[in-house]
Structures are given as structure tokens and as C-alpha cells.
Amino acid sequence: MFGTESSLSMFLNTLTPKFYVALTGTSSLISGLILIFEWWYFRKYGTSFIEQVSVSHLRPLLGGVDSNTPSNSNTSNGDADSNRQSVSECKVWRNPLNLFRGAEYNRYTWVTGREPLTYYDMNLSAQDHQTFFTCDTDHMRPADAIMQKAWRERNPQARISAAHEALELNECATAFILLAEEEATTIVEAEKLFKQALKAGEGCYRRSQQLQHHGAQYEAQHRRDTNVLVYIKRRLAMCARKLGRTREAVKMMRDLMKEFPLLSMFNIHENLLEALLELQAYADVQAVLAKYDDISLPKSATICYTAALLKARAVSDKFSPEAASRRGLSTAEMNAVEAIHRAVEFNPHVPKYLLEMKSLILPPEHILKRGDSEAIAYAFFHLQHWKRVEGALNLLHCTWEGTFRMIPYPLEKGHLFYPYPICTETADRELLPSFHEVSVYPKKELPFFILFTAGLCSFTAMLALLTHQFPELMGVFAKAFLSTLFAPLNFVMEKVENILPSSLWHQLTRI
């Protein structure tokens, strides 16, 4: 025992200050590398790598219960339901108010040099175009066959050239659509091309309507021609809205919804709501909400926040937080606050854009409901309507954060809606350009392991610096620290030596 102590003491006495500098410097470097990796992994995937490995791999080895393994059939069914809900909540939707590529998105690129659309977003649009504007019988018509290939092209100039080639063969509605969307540099030019597309599209629609019952191929062609016609009319209405002919746009949207009531996938009612708000036709807005703000229908930020705006409009001009705190909220004020809380729970990213706490960018062509992309798309078009209603933004500013007190754990349990989906951040990062700082909800706290490695890195770096500057003093401290560290062990060993016979202790030490 005493020989071991003397050898340890001799070893410590022979250590030079350079050894301590090298030791602490190496420890600082390793912990710094771990910290950088942990921070990068957390920024990219939203979770700690060490924590994920601990939970996923080490816990089962140590006998922990895997939370992903269902204990019975009921939990299995519950997990399946939650998974289905998560998938449906994270579905990406076409933006009903998406801008024109040539007349709006490209102009932004020319001015700023930035690309407002991501590759993922444009790829989704290409898939939409192939779904809506092509069918299995396109190969039988040369112009449609060319356009079928054009919609798959990644190069914009190749698509535009293919559209011109198709128009040389005949009046092709989808070719006019592509040119209006991508080649026209102004809304006026786009409207002219869409009018030409409308003329060609109506002729195709009438012909396929007469033949739709003659077979599956004719039915598919009629479905395609219907999609083309609805798309053209909707975009014409949007052109009229952008050019200031709002009443004409409202009439076109109403007629389109009456003519094709089953095509709800285009969400034309959201275009109608925005146009009616521009006209300040609040009674008509309420009538549209009464039809579409139904418990059985999927919600959107447009529906929830428009309903909140209408209720806020009734009380916002006279609302005062000081007066409300003294006398309490009236029934109308309570209804307005509840409507705002409902809207904020559905999409908590919107208020920061409406209150101009976060800068807006051009909305993407696709949005994720309840995500940052939907918030941008809504605020981009509806901020002006909130500003027009006196006191509405003040009421929103005073009340929107109160929503989070009702849902302290939004990822686990909601109040009026399903729990907030955890997939929104990842999908929004794919949909929104890299120069935009994606809004994240709920705010993620730094994992313990990142804080731990940061502290370890700082502590070892400080030790390395002190050892380099004061080698003799740090050597004394190191020896004192090790002596103190081994003091309890020495005390225990002395007690064991006193209790056990010397011969037995000699045999144990030899072993």
C-alpha cells in the first residue's frame, strides 16, 4: 500500500508544467469540437445528438423502456391515429394566392439578385402542373405531347421555348398558361395571355364534355380540361384583383365557385375573402366564413384570422387595455379575444408579421398549414386589411401572447385544435429561401449537453491558459487537488489495513 502511494507521489513529482498545459489544451480542443458538432446538429435537426444517442441506443441497453414500443393494442391504435394526424398536418398545400413567376418573382430577382423560390417549392409546382394539365391521351395530340414534356423541364427557357413550339402547331391552352406564368413580365401581359388561354380552353372543355362518357380516356381528358379551365379563370380573376378591378374579380370568383362547386382543392374562397376585405364588404366576408369556417372542413390561417379580424372590428376602435383591466372584458371583447386566441393557436407565427416584429418576404408557391410559410402568405396579402380596421392591431398586440398560457405544452396537447405538429420547421426550411430566418414554434431551449460541453470547453481552456502563464503555481494546485481527491481513498485503505490481518492483506495485494 505504502509502495503504491510512494510511486504515485514520485510520478506526480516528475510531471512538468508542459504536461499540464498539453493535457488541458487537448481536453479543451476535444470539448470544443464536441460543442461545435452538437451545435451544428441541433441547428440542423432540432435535437441534441448525444441526447438522441442516449435515448435511442443506450437506454434500451441499460434496461430502459422504449417509448416507441406500444404496450398494448390501444396504444398501438393511438400511435397510429397520431401518426396519421401528423402526416395530414404536415401536408404541403398549393398557395391559393401564389404570385406570377415572370411578372412578380422574376422581377424581385432582377432587383435584389436573390431567388425567392426554393428548388423544392418549384419541384412541387412542376408536379402540380403535371397533375392538373396533362393526361394519358396527350401523346395523341402533338401540341399536348410537347407541353407534357415542357412541364417536366427544369430549365425555364426550355419550358418557354417548348410552349412557343406548341403554339406553332395549334392554339394550346396550357402553352398560353405557361407563357403567362413565366414569360410575361407584367400583369397586363399575363392577363392578355390568359384571355387567349381561356378562348382555347373553353373550346377543349366543350368538346371533351360531349365525349366524357365514351370511355375512361375521354373522362380523364375531360377532367384535365376542367382543371385547365378552372385554373385559367381563377388566374384571370387574380389579374383583375391585382390591376385594381376588385369588383370584377369578386364576380369572376363567385361565378367560378358556382360553376364548379366541387373543385375545392383550388381554395378559391380564400381569394374571394381577400378581395371582399379589399372592398370592405364585411357582411359578405361573414357570409363566406359561415360557409367555410365549419368544424368538418379543414382550417387555414386565412379563415381563422379573418374571423378574428371581424370580431375585433366590432370592439377594437374603443378597446383600451387599462380600461379592460379595471372593469373587465365585455361579451363582445371576450368574443374577439377568444377568436384571436383561436387564430394564434392555429398558426402562432402570424402575429409577428402582422405586428411588423418580423420582416416579410415574398410568399412561396406552396405553404404548410400552421407553419411559417402559411403565416408569410397570409400576412403578405392581409396586413393591409388589419391596418385598415382601427385598433385591430392594438387589440392583437395586447392579447395574442395570452394564447400560450392556455397551451403550455403545445406539442403534446392543444386547446381548440390538434397538438402543434413537430414537422413544420423542417418543411418550412425546404419551402422558404435561405436568406429568411424561419420562425420556430415552440422556441427550443438549448439541450443540456450543449450547455455542458460549452462549460467544459471554457473550463479546460481557462485551465490551459493559467497553466501556461503560471506553471509552478498550477503544479502546486494540481498536486493539492489530487491529494485531496485521493484522501478519502487513503482513509478507507488505512481502516481496512487496521481491520484485516496483515497476512490476509498481503495475499490480497499479491493477487
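Hydrogens, waters and symmetry mates are skipped; everything else that's a heavy atom, side chains included, is used. All values derive from a computational prediction rather than experimental measurement.
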Check: For the rings on Tyr120 and His366, is their centre-to-centre separation under 6.0 Å?
Finding: no
Next item on the list: Would you please indicate yes or no on a ring centroid separation below 6.0 angstrom for Tyr305 and Tyr378?
Entry: yes
Checklist line | Verdict with reasoning, Arg370 to Tyr441, per side chain to side chain donor-acceptor pair (under 3.5 Å) | finding: CA-CA 10 Å; Arg370 307 187 74 178; Tyr441 174 80; over 6 Å; no
Note to self: For Glu182, is there an ion pair with Arg159 - N to carboxylate O distance below 4.0 angstrom?
What the structure shows: yes
Checklist line | Under 3.5 Å: donor-acceptor pair, side chain of Asp121, backbone of Glu365 | finding: yes
Check: Is the side chain of Gln384 donor-acceptor paired with the backbone N or O of Phe381 at a distance under 3.5 Å, no angle test?
Finding: yes
Checklist line | Criterion side chain to side chain donor-acceptor pair (under 3.5 Å) on His385 and Gln280, from CA distance to verdict | finding: CA-CA 9 Å; His385 307 315; Gln280 300 183 46; over 6 Å; no
Margin query: Do Val350 and Val344 have side chains that approach each other closer than 4.5 Å (heavy atoms only, starting at C-beta)?
Written below: no
Notebook entry, point to check: Should His349 and Asp428 be marked as a side chain to side chain donor-acceptor pair (under 3.5 Å) after you check the CA-CA gap, both sets of side-chain angles, and the distance that decides it?
Noted result: CA-CA 12 Å; His349 308 281; Asp428 279 331; 5.3 Å; no
Notebook entry, point to check: Minimum heavy-atom separation for Cys304 to Lys299, with atom names?
Noted result: SG-CB, 4.2 Å
Margin query: What verdict does the side chain to side chain donor-acceptor pair (under 3.5 Å) test give for Ser125 and Arg94, after you've listed the backbone C-alpha separation in whole Å, the side-chain angles of each residue and the deciding distance to 0.1 Å?
Written below: CA-CA 8 Å; Ser125 296; Arg94 183 83 176 171; 3.0 Å; yes
Check: Within a strict 4.5 Å, meaning less than it, do heavy atoms of the Glu345 and Phe404 side chains meet?
Finding: no
Check: Do the charged groups of Glu338 and Lys311 touch, with an N to O distance under 4.0 Å?
Finding: no
Item checked: Side-chain heavy-atom pair Thr174, Trp151 within 4.5 angstrom cut-off -> yes
Next item on the list: List in chain and number order the residues that pass side-chain contact (heavy atoms from CB on, under 4.5 Å) with Lys251, two or more places apart in sequence or in another chain; answer none if no residue qualifies.
Entry: Asp255
Checklist line | Atom of Pro96, atom of Ile367 and distance for their closest heavy-atom approach | finding: CD-CD1, 4.5 Å
Checklist line | Heavy atoms from other residues, nucleotides or ligands near CD of Glu390 exceed 12 (cutoff 6.0 Å) | finding: no
Note to self: Lys242 vs Glu104, test: salt bridge (charged side-chain N to carboxylate O under 4.0 Å, His left out). Steps then yes/no.
What the structure shows: CA-CA 11 Å; Lys242 291 175 185 292; Glu104 292 173 304; 3.2 Å; yes
Checklist line | Salt-bridge contact Lys149-Asp144 (side-chain N to carboxylate O under 4.0 Å) | finding: no
Notebook entry, point to check: Considering all heavy atoms of both residues, which atom of Phe132 and which atom of Val228 are nearest to each other, and what is their separation?
Noted result: O-CG2, 4.3 Å
Note to self: Quick check against the 3.5 Å criterion: does Thr403 have a side-chain atom that pairs as donor or acceptor with the backbone of Trp400?
What the structure shows: yes
Next item on the list: Indicate the atoms forming the closest heavy-atom contact of Pro363 with Ile376, along with that distance.
Entry: CA-CG2, 4.0 Å
Note to self: Does Lys358 have more than 12 heavy atoms from other residues, nucleotides or ligands lying within 6.0 Å of its NZ?
What the structure shows: yes
Note to self: Return the CG to OG1 distance between Leu289 and Thr306, rounded to the nearest 0.5 Å.
What the structure shows: 6.0 Å
Margin query: Could you check whether any side-chain heavy atom of Leu179 comes within less than 4.5 Å of a side-chain heavy atom of Ile160, counting everything from C-beta outward?
Written below: yes
Notebook entry, point to check: Should we count NE2 of His397 as having more than 12 external heavy atoms under 6.0 Å?
Noted result: no
Next item on the list: Compute the ring centroids of Phe176 and Phe194, then answer whether they are less than 6.0 Å apart.
Entry: no
Check: Pick one: which of Gln221, Met147, Gln148 meets side chain to side chain contact (heavy atoms under 4.5 Å, CB included) with Arg141?
Finding: Gln221
Check: Is a salt bridge present between Lys233 and Glu259, judged by a nitrogen-to-oxygen distance below 4.0 Å?
Finding: yes
Note to self: Between Glu191 and Arg235 (salt bridge meaning N to carboxylate O under 4.0 Å), is one present in this structure?
What the structure shows: no
Notebook entry, point to check: Just wondering, do Phe346 and Glu374 contact through their side chains at under 4.5 Å, heavy atoms?
Noted result: yes
Next item on the list: Please name all residues satisfying side chain to side chain donor-acceptor pair (under 3.5 Å) with Tyr231, sequence neighbours left out, ordered by chain then number.
Entry: Glu181
Check: Does the distance from a Lys or Arg side-chain N to an Asp or Glu carboxylate O, for Arg247 and Glu278, drop under 4.0 Å?
Finding: no
Next item on the list: Tell me, yes or no, whether the heavy-atom count around Arg245 atom CZ, taken from other residues, nucleotides or ligands under 6.0 Å, exceeds 12.
Entry: yes
Next item on the list: For the pair His129 and Phe133, name the ring-plane relationship: parallel under 30°, tilted 30 to 60°, perpendicular over 60°.
Entry: parallel
Check: Between Leu124 and Leu431, is any pair of side-chain heavy atoms under 4.5 Å apart?
Finding: yes
Note to self: So that I can tick it off, tell me whether Arg224 and Asp136 are bridged by a salt bridge, with the cut-off set at under 4.0 angstrom between side-chain N and carboxylate O.
What the structure shows: no
